[in-house]
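Notes follow the structure.
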2 protein chains.
Amino acid sequence: MTIDPPAATPRHRTPPEHAVLDEVTLEAALAALADPVRLTLIREVASAQEWERSCGSFDVPVRKAALSHHFAVLRAAGLIEQRDAGPRRFNRLRRAEFDARFPGLLDAVLRAQAAELQKV
Amino acid sequence: MTIDPPAATPRHRTPPEHAVLDEVTLEAALAALADPVRLTLIREVASAQEWERSCGSFDVPVRKAALSHHFAVLRAAGLIEQRDAGPRRFNRLRRAEFDARFPGLLDAVLRAQAAELQKV
DNA sequence: CAAACTGTTCGCGACTCATCGAACAGCCTA
DNA sequence: TAGGCTGTTCGATGAGTCGCGAACAGTTTG
């Protein structure tokens, strides 16, 4: 039985893990996009500055537990990158990296979504 | 209580119902594509002549009941059109119509899938 | 007519997914 | 240090999906 070293420095929050895009399958990418909440998140983060939006700043009809889950899915699909700043977690779209892995896919989805919203 | 008219002419199989692409949502389209079996079907029907492939001619690891279900999903998403000919049901990709509704989406998916297969 | 073939539908089980409340863990401020 | 804020994790639940075998319905051929 060993003794735990005293936490001299305060332990920081473990930073989020991000996907390696070569390991993201097409199926996983499509599944990540095939959800209305996640589609909203992607659209809003795409239309904002990088690192502008924190997780809690999105207007989606789910509580924070589900929201946290959706961000985990988007992260695993290589669609977003997250960075902690104080108590908040900020987001950016990994557009260039995702485009390199799935050329044209994100553009098509964002365009289709924009058209869908304009139709109403 | 009315009398059923005699089925003088033999009743034909009810032809498959096809989606109106304006009513297909982006989410439904992505969900239809986010499945390995359906992705295989789409790829194979895309690389064949129109009306060349019957439902049973695809090499997928599911039995015919599941296969029939997958074709129903693809039909509902506006991705394929089916036509009965004798006992078989033939397929074609609704490429132009799907492209008009979701520009670039199908191309991106087919391209990504082709690249994924070539990687091995 | 009977048998073979193709595909659909139904009922069922296994599994996944989206969601919630509750509890928890850092971070910041008073 | 106490409390509030942001976000994660856990366990439960309900909904939906995917697969199968069995039964069925047209079609074609023997």
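Labels below follow one simple rule: chain letters A, B, ... track the order of the sequence lines, proteins then strands, and each chain is numbered from 1. All values reported here derive from a predicted model rather than from experimental measurement. Only heavy atoms go into these numbers, but all of them, side chains included; no hydrogens, no water, no symmetry mates.
Nearest nucleotide to the side chain of Pro87(B), out of dT19(C), dT27(D), dT9(C): dT27(D). If you check dT9(C), dT8(C), dA22(C) against the side chain of Arg89(B), the one that comes closest is dT8(C). Comparing dT9(D), dC27(C), dT19(C) by their closest approach to the side chain of Ser68(A) singles out dT9(D).
Atom-to-atom, CG of Asp35(B) to C1' of dG19(D) comes out at 11 Å; the value is rounded to the nearest Å. As rounded to whole Å, 13 Å separates atom P of dT8(C) from atom CD of Glu17(B). Here dG7(D) presents its P atom at 8 Å from CZ of Phe71(A), a figure rounded to the nearest Å. Rounding to whole angstrom units, CZ of residue Arg83(A) and C1' of dG26(C) are separated by 19 Å.
Taking side-chain N and O atoms only, His69(A) has no distance below 4.0 Å to OP1 or OP2 of dC10(D). When the side-chain nitrogen and oxygen atoms of Ser54(B) are compared with OP1 and OP2 of dG7(C), one or more of them lie within a distance under 4.0 Å. For the OP1/OP2 pair of dC18(D) and a distance below 4.0 Å, the side-chain nitrogens and oxygens of Arg63(B) include no atom meeting the criterion. For the OP1/OP2 pair of dA18(C) and a distance below 4.0 Å, the side-chain nitrogens and oxygens of Arg38(A) include at least one atom meeting the criterion.
Position along DNA chain D of the nearest nucleotide to Gly86(B) versus Gly56(A) favours Gly56(A) as the more 5'-ward residue. Residues Arg88(B) and Ala85(A) both approach DNA chain C. Their nearest nucleotides, taken by heavy-atom distance, put Arg88(B) toward the 5′ side.
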